[in-house]
Peer 1: 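Quick one: this structure, given as structure tokens, is what I'll be asking you about.
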Amino acid sequence: MATAANSSDIVPDALSEKKLRKLSVVRAKEWVVKSGLVSCTIFSILVTISIVVLLMGQSITFFSMEEVTLWDFLTEFEWNPKLGTDKHFGIWPLINGTLLVTLIAILVALPLGLITAIFLSEYAPRRLRAVLKPILEVLAGIPTVVYGFFALTVITPFLRDGLGIPVDFFNALSAGIAVGILCIPTVSSLSEDALQAVPRHLREAAYGLGGTKFDVAIKVVLPAALSGIVSAFLLAIARAIGETMIVVMVAGAAPKMTLNPTDQIQTMTSYITNTAKGDLSSFGIEYFSIYAVALTLFFVTLVLTLLGNFIRLRFRESYQ
Amino acid sequence: MKNGPKAPDFRSMEISSMGKRRLFDRGFLVLCLMTSLISIVILAVLLTSIVINSLPTFGAHEDKIQTEGRWLVIQGDNPGNDPDLVDAGDVVQSLFEVETLDRGGLGKSNDTKYDSEQSQRLIGICSYQVESFRAAPDENAVYYQLVPATGERNVVAIAKQLGLLPDEEWAQEIQQGEQAQNATFLLMENPASDFDLGKAKIDGELFAKGLLAGMTDVEGWSTILVGGQQDSNFSTLRFTSMISGESDSPVKAEVIEGLPASKSGGEFKCLNSVLAHNLGSEVHFKPVKLREYGSDEIAVGDVKFVHSKLEGLSRRKKKSGFSLGDEFHLIYCPVPEVNANTAGHIRHFLKETNKSRPEEVGIGPALIGTLWVCLGCALFALPLGIGTAIFLEEFKPTNWFVRMIHSLIQLNITNLAGVPSIVYGILGLTAFAGMFGLFGIAKDPYLEVGAKHYFQYLSEGNKSVLVPVASDQRRRARSLDLVRKRQKRIFRTSVQGIEIPLQINQSAARQHQQFREELASIEDTLQRDDARSAYNKAIEAMDGVIDQLEEPFDRDLLVEAAQKSELALRNLISEVQTPTLVDSMEVFTADFEPRKLILVEDGQELPTDEAELAVTLRSTAVGGPMSKKSWYYFQLPFGRSVLAASLTLMLVILPVIIIASQEALRAVPSSLRECALGLGSTPWQVVRHVTLPAAIPSIMTGAILAMSRAIGEAAPILVICGILFVTTGPTHLMDVFSILPVQIYDLAQLPEDQEAMINAQNVSAAGIVVLLIILLSFNAVAITIRQWTQKPLT
């Protein structure tokens with residue numbers, strides 16, 4: 001029979017002093033903590049839901065106004081919300097501006113980012129890598145307003161005076177270049193991750209067959225990592241489309257249908273910002289128009305992000 | 001092996017020569033090197049350009065900061081406490097200025113009409129005393145008075161009245177011009193240097209006409225007409241209790257009415273103030289951006305006096321302005337503000353506030369604002385983000401259905417990270433700043449805690465006297481306010497002049513009948529005559545609305561009636577709140593010291609003692625509402641406040657923190673968890689004692705990096721705070737603010753003239769340097785944490 005005296009002999013010294021908590025208390029605590037964590041998680045879902053509900057709801061108000069119909073919004077080629085009676089709400093000029101900037105940004109960011117990634121992953125000696133990677137990280141960490149300033153004070157004058165391109169003070173070209181610089185780190189770091197994930201034995205096999213470094217990098221590793229690279233591209237494009245401060249500062253505020261990069265244009269993001277910080281009443285049609293634009297923007301970036309993640313997961317070549 | 005891949009047919013393949021392949025290889029390597037170097041070059045150019053641009057601020061300096069001839073606005077009653085600043089000869093006379101401040105932007109500007117009506121009331125009781133001044137010892141000094149010539153009293157009419165229409169053709173031109181009715185200034189000048197406003201006694205709404213009449217009575221005044229665009233109405237002024245005669249005796253200027261500014265956020269030329277400048281030099285109209293502040297205090301700008309030429313009043317101050325009724329002094333400061341070397345310049349830049357001249361701009365308030373916003377953001381985002389990550393990583397479900405939801409949440413968070421930050425800005429503006437309009441507007445909060453309400457009077461001793469508003473008066477006013485809000489909701493769009501089809505029906509008429517009854521219920525509580533007459537007017541206006549609501553109604557008339565009723569109700573609310581003055585009741589001075597009020601009837605002798613005079617009010621004194629907000633001041637909706645911005649920023653960085661924390665938790669080897677579970681720990685105990693301590697360094701690293709992103713984020717905050725010229729950092733959570741990136745943006749956007757633009761860009765670059773230093777130090781901390789705590793866990 002275990003008496004009290006006996007049991008104290010059995011319990012190790014370390015635990016004899018320890019007061020064991022009641023199981024019910026532990027369970028209650030567990031429950032409280034868990035529900036706290038669940039509510040944290042629910043919050044993130046609420047954010048998404050409220051974005052969608054808000055944008056949808058306000059856009060519906062926008063489209064139910066007299067001046068605009070959904071059909072006009074999707075088919076007209078003029079965006080002019082401020083004219084007294086003759087307002088036009090065709091989204092295409094804004095999309096045109098966004099795409100123009102994005103296109104220039106892609107032309108800058110994709111080749112530079114991809115080649116940098118290949119270099120970092122396949123060629124770079126360790127010491128150079130140790131310099132390059134932090135620099136890319138610094139580039140990624142610089143606030144966008146700084147890039148805007150850079151574009152305004154360096155890129156535009158350089159294009160105009162250095163290269164002799166007749167750009168306006170506000171123009172799509174330098175905005176696009178700045179956005180492109182901003183996107184280089186995104187492309188290069190994500191692509192590098194994808195390239196690094198390609199198993200070593202593929203490379204070794206290629207070398208064994210007599211491939212040069214170029215052959216290995218371009219003909220073997222790159223195709224193997226293609227899904228990751230494409231997803232990096234898509235994420236970079238989504239970032240370029242959603243970029244705000246640079247285009248607000250550099251690209252101007254003139255929505256028009258043009259493919260001329262030296263012109264000033266307006267993107268969706270800069271329309272939203274200029275309107276929201278500007279002098280408009282918050283019950284007028286301009287106010288609601290920003291929600292319709294934001295909805296379009298949200299939709300476009302959402303599709304790109306989803307597609308990027310889908311491609312990365314679905315088409316990932318898995319090697320054992 | 002039969003079904004294996006076919007061996008390639010080497011004979012038919014063209015094998016490129018080794019030399020060619022080597023060339024490719026080398027060529028590509030060179031290409032790679034060049035490309036990778038581009039990013040280094042870009043970074044180098046970027047940093048160099050910023051550093052070069054910031055040199056005027058941070059570079060070596062031996063000179064003094066160019067503040068010669070600055071007008072200082074000093075609060076309090078001791079203008080001469082800093083003898084270095086005062087030059088006895090340089091006394092300025094009657095410089096007065098009140099702006100209807102206006103800030104553009106959503107959620108805010110909407111209220112512009114109302115707000116400016118409100119500020120109209122505030123301005124209405126604003127009286128302030130100004131030291132007299134003589135602009136310059138120069139004999140030729142000329143004083144200009146700019147008068148808005150609008151509507152009926154347009155410039156031609158006034159010119160005709162004065163008999164100085166110089167050219168019929170020109171008059172025609174003006175008359176027919178696009179902005180003939182409201183586009184021109186009238187400039188009046190007085191070549192005599194001792195300009196005495198005391199003789200110009202103007203009253204009532206026909207300010208321009210009256211002032212003209214008054215001014216032209218003054219000897220030595222002549223009037224000239226100048227063109228100038230005016231998009232905004234001005235405040236009108238009334239000058240009372242003048243001590244005429246000696247030119248440097250104090251002149252009291254009372255603004256009796258501030259007309260609402262119809263244009264917001266734009267620019268308009270010059271100000272309704274006395275401008276002085278030397279004869280012969282060009283009149284310089286500086287474009288001034290109009291803004292509106294959510295404060296009960298009236299802002300005053302500091303006045304610049306450059307090369308004995310007053311250019312106008314600079315950007316307004318907010319909190320360092322003066323409270324209603326406060327006394328302030330304008331002192332001509334002929335010495336440089338700082339005897340500055342390089343350190344002095346940097347200190348100036350970090351501490352000073354917005355100035356109208358870009359080269360003098362400092363970033364003090366913006367820095368403090370950034371600190372507040374980021375601190376608030378971290379307080380909200382870190383627990384939420386880490387909590388979510390712990391739940392997603394450590395409490396993985398086993399049930400297939402829950403697992404599906406789980407992976408859906410995971411996907412959702414990945415997508416949230418990709419949402420453009422401007423979308424979060426809009427969400428924050430609607431959800432936090434405006435709260436979906438559920439609680440009314442920020443200017444008119446549904447709920448407020450931590451604010452004390454006073455009525456402010458100007459005492460006979462020209463001191464501010466604060467009379468507390470009794471709680472039942474306040475309650476009554478609030479219940480009336482509810483009536484007003486309900487009425488406004490019915491006419492929401494029409495009262496604000498926005499064309500949305502009205503849906504008026506019988507119920508609106510019924511509701512108004514009810515409003516009228518509610519209004520009638522307070523009749524007994526009204527004691528003062530003013531309140532009674534305001535009450536009668538409100539009832540009348542309400543009846544007018546009810547009449548108009550009868551079918552069939554005329555839209556325009558209805559809107560007009562609604563507007564009238566709205567105004568009448570506002571007046572009534574203001575009257576109801578007005579405290580009844582009783583002799584020797586407890587009042588407060590501007591420093592919130594309790595004193596006893598001395599009430600003087602008309603015709604009664606005033607006390608002679610200055611201390612007594614400071615708390616002496618005439619029974620006819622008119623006051624205005626004013627509130628004092630404690631640091632814990634809270635209101636619903638949040639308005640465009642620090643709190644709203646913090647929460648918005650939280651939305652932006654939440655996905656980043658969640659993902660980083662998840663990665664950190666994932667990196668903890670599962671053997672540790674299993675070991676702890678094997679010892680009988682509950683899941684939370686595992687997290688609390690094993691996983692979290694192991695992962696916290698990486699989580700902190702991720703969090704710090706996320707915060708450094710938050711510091712640099714401008715777009716969503718720009719939407720929340722607008723472009724605002726604040727002169728102090730926020731003092732409570734509901735305060736307006738500005739942040740460093742927004743200020744950098746604003747400065748970089750200032751293309752006035754070439755020189756100003758370059759100066760603005762230099763200051764902007766200096767701001768960027770500060771921002772980058774903050775970011776780099778954040779990164780350094782993150783890297784240090786990573787270096788110190790990184791130890792292998794396997």
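As the structure is a prediction and not an experimental result, all values here were calculated from the model. Throughout, a chain's letter reflects where its sequence line sits, starting with A, and its residues are numbered from 1.
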Peer 1: Between L55(A) and chain B, which part of the residue has a heavy atom less than 4.5 Å away: side chain, backbone, both or neither?
Peer 2: side chain

Peer 1: Search all heavy atoms of T370(B) against all heavy atoms of P741(B) and return the closest pair with its distance.
Peer 2: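 It is OG1-CD, 4.4 Å.
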
Peer 1: To the nearest 0.5 Å, what is the distance between CD1 (I405(B)) and CG (N412(B))?
Peer 2: 12.5 Å

Peer 1: Would you mind checking which part of L37(B) comes under 4.5 Å of any heavy atom in chain A, side chain (CB onward), backbone (N, CA, C, O), both or neither?
Peer 2: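 For L37(B), there is no contact with chain A at all, as no heavy atom is under 4.5 Å.
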
Peer 1: Is there a donor-acceptor contact under 3.5 Å linking the side chains of N415(B) and T305(A)?
Peer 2: no

Peer 1: Go through the atoms of Y424(B) and report whether side chain, backbone, both or neither lie under 4.5 Å from a heavy atom of chain A.
Peer 2: side chain

Peer 1: Heavy-atom distance under 4.5 Å to chain A: side chain of T35(B), backbone, both or neither?
Peer 2: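 The answer is both parts of T35(B).
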
Peer 1: Quiz question: by atom type and distance under 3.5 Å, do the side chains of T682(B) and Q685(B) form a donor-acceptor pair?
Peer 2: yes

Peer 1: Flag the one option from L306(A), L235(A), I218(A) with the top tally of heavy-atom pairs under 4.5 Å to chain B.
Peer 2: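 With the most close heavy-atom pairs to chain B, the winner is L306(A).
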
Peer 1: Under 4.5 Å from any heavy atom of chain B, what part of V26(A) do you find: side chain, backbone, both or neither?
Peer 2: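 The side chain, not the backbone.
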
Peer 1: Does any backbone or side-chain atom of L411(B) lie under 4.5 Å from a heavy atom of chain A? Answer side chain, backbone, both or neither.
Peer 2: side chain

Peer 1: Heavy-atom pairs under 4.5 Å with chain A - which of P420(B), C32(B), G712(B) has more of them than the others?
Peer 2: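 Answer, by heavy-atom pair count under 4.5 Å with chain A: C32(B).
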
Peer 1: Can you spot which of I51(A), L295(A), T61(A) makes a side chain to side chain contact (heavy atoms under 4.5 Å, CB included) with M56(A)?
Peer 2: L295(A)

Peer 1: In terms of side-chain geometry, is the basic nitrogen of E192(A) or R129(A) positioned less than 4.0 Å from the acidic oxygen of its partner?
Peer 2: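 Judged by the 4.0 Å cut-off on N to carboxylate O distance, E192(A) and R129(A) do form a salt bridge.
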
Peer 1: Has S121(A) got a side-chain atom pairing as donor or acceptor with A117(A)'s backbone, closer than 3.5 angstrom?
Peer 2: no

Peer 1: Examine whether an atom of I38(B) lies under 4.5 Å from a heavy atom of chain A, and if so say whether it belongs to the side chain, the backbone or both; otherwise answer neither.
Peer 2: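 The side chain, not the backbone.
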
Peer 1: Around atom CZ of F299(A), are there more than 12 heavy atoms from other residues, nucleotides or ligands closer than 6.0 Å?
Peer 2: no

Peer 1: Tell me, for L128(A) versus chain B, whether the close heavy atoms (under 4.5 Å) come from the side chain, the backbone, both or neither.
Peer 2: side chain

Peer 1: Please state whether the side chain, the backbone, both or neither of F24(B) comes within less than 4.5 Å of a heavy atom of chain A.
Peer 2: both

Peer 1: Heavy-atom cut-off 4.5 Å, strictly under: side chain, backbone, both or neither for L54(A) against chain B?
Peer 2: side chain

Peer 1: Please identify, among T212(A), T153(A), I184(A), the residue contributing the most non-hydrogen atom pairs under 4.5 Å to chain B.
Peer 2: T212(A)

Peer 1: State the CG-CD distance between L23(A) and E30(A), to the nearest 0.5 angstrom.
Peer 2: 10.0 Å

Peer 1: Side chain from CB out, backbone as N, CA, C, O: work out which of these in P683(B) comes under 4.5 Å of a heavy atom of chain A, or both, or neither.
Peer 2: both

Peer 1: Given a strict heavy-atom distance threshold of 4.5 Å, which part of I413(B) is in contact with chain A: side chain, backbone, both, or neither?
Peer 2: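 The side chain, not the backbone.
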
Peer 1: Is the closest side-chain donor-acceptor distance between S289(A) and Y271(A) under 3.5 Å?
Peer 2: yes

Peer 1: With the side chain counted from C-beta on, respond yes when E394(B) and W684(B) share a heavy-atom pair under 4.5 Å apart, and no when they do not.
Peer 2: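 Side chain of E394(B) against side chain of W684(B), heavy atoms only: no contact under 4.5 Å found.
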
Peer 1: Quick one: what part of V687(B) sits under 4.5 Å from any heavy atom of chain A, side chain, backbone, both or neither?
Peer 2: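 Contact with chain A is absent: no heavy atom of V687(B) under 4.5 Å.
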
Peer 1: So which of I783(B), L771(B), I386(B), L33(B) has the biggest tally of heavy-atom pairs under 4.5 Å with chain A?
Peer 2: L33(B)

Peer 1: I'd like to know which of S44(A), G113(A), G211(A) tops the heavy-atom pair count under 4.5 Å against chain B.
Peer 2: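 The answer is S44(A).
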
Peer 1: Students often mix this up, so state it plainly: with edges at 30° and 60°, are the rings of F119(A) and Y123(A) parallel, tilted or perpendicular?
Peer 2: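 Rings of F119(A) and Y123(A): parallel, as their planes differ by under 30°.
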
Peer 1: Please determine, among L132(A), T269(A), V154(A), the option with the most heavy-atom pairs under 4.5 Å with chain B.
Peer 2: L132(A)

Peer 1: What part of L416(B) lies closer than 4.5 angstrom to a heavy atom of chain A: side chain, backbone, both or neither?
Peer 2: side chain

Peer 1: Within the structure provided, determine whether T296(A) and S59(A) are in side-chain contact (heavy-atom separation under 4.5 Å).
Peer 2: no

Peer 1: Please answer whether the main-chain N or O of P716(B) pairs with a side-chain N or O of S421(B) as donor and acceptor at a distance below 3.5 Å.
Peer 2: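 Looks like no, no N/O pair under 3.5 Å.
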
Peer 1: If you count heavy-atom pairs within less than 4.5 Å of chain A, which of L43(B), L46(B), V423(B) leads?
Peer 2: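 Counting heavy-atom pairs under 4.5 Å, the top option is L46(B).
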
Peer 1: In the structure I gave you, are the side-chain heavy atoms of L136(A) and L120(A) within less than 4.5 Å of one another anywhere?
Peer 2: yes

Peer 1: Chain A heavy atoms under 4.5 Å from A765(B): which part of the residue, side chain, backbone, both or neither?
Peer 2: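 A765(B) touches chain A through backbone and side-chain heavy atoms alike.
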
Peer 1: Tell me which of these, Q58(A), M249(A), K29(A), has more heavy-atom pairs under 4.5 Å with chain B than the rest.
Peer 2: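 If we count pairs closer than 4.5 Å to chain B, M249(A) comes out on top.
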
Peer 1: Against chain A, label N53(B) side chain, backbone, both or neither, depending on which of its atoms sit under 4.5 Å from a heavy atom there.
Peer 2: side chain

Peer 1: Report the option among K34(A), R239(A), E137(A) that has the most heavy-atom pairs separated by less than 4.5 Å from atoms of chain B.
Peer 2: K34(A)

Peer 1: Which one of L654(B), I40(B), I744(B) has the most heavy-atom pairs closer than 4.5 Å to chain A?
Peer 2: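 The answer is I40(B).
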
